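Bear in mind the structure is a predicted one, so any value in this text is a computation, not a measurement.
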Amino acid sequence: MDFKLTEERQMLQDGLRRYLAANVTPEGIRQTDENGTGLDTALWQGLTDMGLPGAMLPEEHGGFGGGGFDIMVVFEELGRAGAVTPLIETAVLAGGLLGEAGRTEEVGDIIDGRLVAFAHGEPASRYDLNRVQTRAERTGDGWHLTGRKAVVHHASAADTLVVSARTSGDADAEAGISLFLVPADAVQLRDYPVYGGGHAAEVALDCSVPAAALVAEEGKAFPMIERANARAAAAQCAEALGLMETIKSLTVDYLRQRRQFGQPIGKFQALQHRMADMLIEIEQARSAVINLCGHLASGAGERELHVSATKNLIGRVGKLVAEEAIQMHGGIGMTQEYALGHFAKRLTMVDHRFGDTDFHLERFIRLSAA
Amino acid sequence: MDLNFTDEQTGFRDEVRAFLDRELPPRLSEKVSRGKRLTKADYEEWHAILNARGWLGVTWPKEHGGTGWDAVRRHIFEEETTRAHAPRILPFGLAMLGPVLMKFGSDAQKSHYLPRILNGDDWWCQGYSEPGAGSDLANVQTTAERSGDHYIVNGQKTWTTLGQYANKIFCLVRTSREGKPQQGISFLLIDMDSPGIEVRPIVLIDGEPEVNEVWFTNVKVPVSNLVGEENRGWTYAKYLLTHERTNIAGVGYAQAGLTTLKRIAGEQMQGGAPLMSNPFFAAKVAQVEIDLMAMATTNLRTIAAASNGQAPGAESSMLKIKGTVIRQQINALARQAVGPYAAPFVSEALEDGSNVEPVGPDYALPASQAYFNNRKLSIYGGSNEVQRQIISKAILEL
């Protein structure tokens with residue numbers, strides 16, 4: 001048993017924490033939201049220079065990391081800082097899929113900072129990974145794609161999309177899903193900001209791509225998508241943990257400073273007990289993230305059981321932490337100007353990607369009975 | 001025990017329904033049901049329609065132009081208007097200031113201000129909270145110093161809801177530092193266009209500009225604008241709060257929210273079936289509905305116990321806690337129900353006449369917005385922590 005980080009990961013954590021503390025500010029996050037694509041290009045360049053995209057990918061795919069605890073260390077720090085980056089989309093999702101498909105050239109570009117988004121969810125798919133109604137039909141020298149993709153994070157900042165499309169089978173069949181590389185200027189985007197920072201887009205597809213755009217084997221993409229999704233969920237849960245740590249610090253500081261009825265409100269036992277409960281739940285969250293990151297390389301059954309266990313627990317604890325922190329702050333916690341709001345909104349939105357608390361509770365019951 | 005309305009009460013309910021069918025503009029009910037932002041003109045339009053029927057002063061006695069309704073009639077009216085998606089009656093002039101003026105105001109103040117509230121000549125806002133006086137309201141620091149026949153007011157108020165539309169503000173101000181903090185507070189009526197007043201919007205986490213800071217720098221207020229006696233303002237402030245807390249349970253809002261939630265969960269699909277048929281989600285909806293059914297009766301028990309015109313005491317603290325928590329749970333379930341479409345943050349699309357297209361189904365944008373906005377319910381009007389304190393002192397005598 002050893003829960004300490006390796007020396008390399010400790011160095012990565014220290015360096016990243018220092019860099020983010022100096023380069024991520026609430027003001028910068030607000031300005032980024034209003035800049036049209038929701039991407040902080042200077043921050044992204046800095047993180048690329050530090051090697052973050054490469055640290056998400058294993059050596060056999062051209063990266064220099066890719067372990068579960070690499071993901072945990074990096075995303076916990078991004079969460080702690082409240083940073084808004086496309087690292088999940090471009091490195092963990094698109095990079096993971098392209099790496100598994102042996103697309104070393106594109107993976108190399110991603111490691112160098114190129115932005116690729118993963119367009120998978122659809123207006124009617126909710127959290128079901130198998131529900132793909134976008135269609136790809138063979139043409140003389142390639143494919144024609146038609147359909148709609150929903151809430152594609154960081155799509156507007158990407159120059160390329162990895163798009164899932166059905167090449168055979170019913171709308172919810174696992175078999176028959178394929179992946180295609182599509183240039184961003186070949187699709188129609190409706191871009192918008194999202195709660196908690198960054199942008200997403202609705203994507204309308206009606207475009208032709210060459211035969212070489214097909215990534216991996218036709219119709220066999222589902223297990224790859226499930227693996228990439230597991231890693232993305234782990235990244236997002238680690239980010240949630242970092243967000244919770246900062247929310248905890250902000251709230252404890254506030255309980256110490258805010259005076260009402262002649263004393264700091266942190267002297268009221270009712271609030272002390274609630275803060276103590278929050279602390280216990282955040283430690284549970286940390287253990288759940290460790291469980292998932294430690295099982296990302298396991299077989300599909302064990303891995304997916306941990307995805308659902310951790311995503312469920314993080315969803316529950318995240319809601320508690322965000323709501324309790326706002327409540328204990330009072331009015332100031334409701335304002336856009338004070339730092340808490342950004343962290344609380346970003347944490348709340350964790351439950352709206354990669355399956356929510358209930359989705360994973362039901363899935364855990366099913367998987368653990370198998 | 002009889003859980004049914006009397007014939008007379010049922011008749012009144014039918015009368016309210018017929019009125020709403022006839023007089024509530026579909027344009028307004030459509031905005032309310034779709035979670036669109038209401039403008040100043042929207043509120044004024046609805047107030048004027050109610051006033052024309054004599055139904056605006058729902059808590060006021062007839063002698064002041066009110067309805068003279070008892071608590072049950074007020075409840076029926078509230079339930080029916082909420083169900084019909086009518087705009088809410090803004091509480092600042094009608095539910096807050098009006099009762100204080102009737103009980104403690106001078107004859108001149110009553111005859112001048114009360115008709116103006118009903119006619120919509122004045123839009124009042126509330127100057128209670130300050131940066132250092134939230135839950136601890138008695139810690140008011142804004143000062144009013146007597147200078148001849150004026151007070152000179154200096155300080156800052158905050159969380160002033162819809163203060164951007166108001167031409168008048170009623171304020172708690174400090175006129176003395178002798179004795180306990182509660183003893184040096186006065187209740188003052190101030191023109192918002194007085195020189196030295198500055199209103200700054202506070203944007204909330206959902207992007208809504210609904211509250212404000214109001215700054216006072218050497219603002220001259222005639223002594224005739226003092227309500228009651230100097231340094232007795234705490235008594236009037238507390239009286240106002242008991243009226244603020246009538247209908248604090250918000251049963252009608254919760255019922256309307258539950259109906260919307262069920263509609264959303266009936267349309268959203270998960271795993272090839274409507275979310276509402278998913279036992280995990282359906283169980284949560286059922287749980288909150290069961291709580292709401294009981295709370296509606298707790299609310300009616302309180303209403304029945306309160307004699308005509310009398311505001312309930314510490315019972316309203318129970319209703320405030322239970323009512324706000326239930327509404328927040330419904331908001332949280334609606335946010336959960338919309339799934340990935342909870343993420344888009346396009347608050348301009350909630351603006352009337354906006355040409356910004358919504359994202360996803362029409363109910364998705366208001367769901368997240370309402371969830372974040374209504375975190376305020378358990379904070380404002382005396383936080384739920386303060387309400388628990390009231391219950392433990394006043395009812396449990398701990």
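At a cut-off of 3.5 Å, with distance as the only test, no side-chain donor of A/Asp351 or B/Gln336 sits close to an acceptor on the other residue. Of the N and O atoms on the side chains of A/Glu202 and B/Tyr341, at least one donor lies less than 3.5 Å from an acceptor on the other residue. Using modelled atom types and a 3.5 Å distance limit, the side chains of B/Gln328 and A/Glu323 yield no donor-acceptor pair.
Under the 3.5 Å distance criterion, the side-chain polar atoms of B/Gln270 are left unmatched by any main-chain donor or acceptor of A/Arg126. Judged purely by atom type and a 3.5 angstrom limit, A/His352 has no side-chain atom pairing as donor or acceptor with the backbone of B/Ala342. The closest donor-acceptor contact from the side chain of B/Asp136 to the backbone of A/Gln260 lies at 3.5 Å or more, if one exists at all.
A pairwise comparison of heavy atoms in A/Arg258 and B/Gly134 identifies NH2-N, 3.9 Å as the closest pair. Across all non-hydrogen atoms, the minimal contact from B/Asn373 to A/Met334 is O-CE, 3.4 Å. Nearest heavy atom pair, residue A/Gln327 against residue B/Asn384, reads NE2-N, 4.2 Å. Considering every non-hydrogen atom in both B/Ser368 and A/Tyr195, the closest pair reads CB-CE1, 3.4 Å. The two residues B/Ile205 and A/Thr335 make their nearest non-hydrogen contact at CG2-O, 3.7 Å. Considering all non-hydrogen atoms of both residues, A/Val151 and B/Ala343 come closest at CG1-CB, 4.2 Å.
For B/Pro361, no part lies under 4.5 angstrom from a heavy atom of chain A. For B/Ala133, the part lying near chain A is the backbone, with the side chain staying farther off; criterion is any non-hydrogen pair under 4.5 Å. With a threshold of 4.5 angstrom between heavy atoms, B/Ala349 does not approach chain A through any atom at all. Residue A/Asp172 does not touch chain B at all, counting heavy-atom pairs closer than 4.5 Å. Neither the backbone nor the side chain of A/Arg353 comes within contact range of chain B, judged by heavy atoms closer than 4.5 Å. There is no contact between B/Glu348 and chain A, counting heavy-atom distances below 4.5 Å. Heavy atoms of B/Ile202 lying under 4.5 Å from chain A belong exclusively to its side chain.
Taking the six-membered ring for Trp and the full ring otherwise, B/Phe345 and A/Tyr192 have centroids separated by 6.0 Å or more.
Here A/Tyr127 is the residue among A/Phe268, A/Tyr338, A/Phe359, A/Tyr127 with the most heavy-atom pairs under 4.5 Å with chain B.
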For this session: Take A/Gln336 and B/Glu208, measure what side-chain contact (heavy atoms from CB on, under 4.5 Å) needs, and give me the verdict at the end.
Result: CA-CA 9 Å; A/Gln336 201 166 64; B/Glu208 288 296 297; over 6 Å; no

For this session: For A/Glu337 and B/Val203, run side-chain contact (heavy atoms from CB on, under 4.5 Å): C-alpha distance rounded to whole Å, both residues' side-chain angles, the deciding distance at 0.1 Å, then the answer.
Result: CA-CA 7 Å; A/Glu337 198 173 340; B/Val203 180; over 6 Å; no

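At most 12 non-hydrogen atoms from other residues, nucleotides or ligands lie less than 6.0 angstrom from NZ of B/Lys322. Environment of CD in A/Glu27: crowded, with over 12 heavy atoms of neighbouring residues, nucleotides or ligands closer than 6.0 Å. Under a cut-off of 6.0 angstrom, the local environment of CD in A/Gln263 is crowded, with over 12 non-hydrogen atoms contributed by other residues, nucleotides or ligands. By the neighbour-count criterion of 12 heavy atoms within 6.0 Å, atom CD of A/Gln188 is sparsely surrounded, having that number or fewer from other residues, nucleotides or ligands.
Atom-to-atom distance recorded for A/Ile332:CD1 and B/Trp159:CH2 is 5.0 Å, nearest 0.5 angstrom.
Salt-bridge annotation for A/Asp358 and B/Lys284: present, with a side-chain N of the basic residue lying under 4.0 Å from a carboxylate O of the acidic one.
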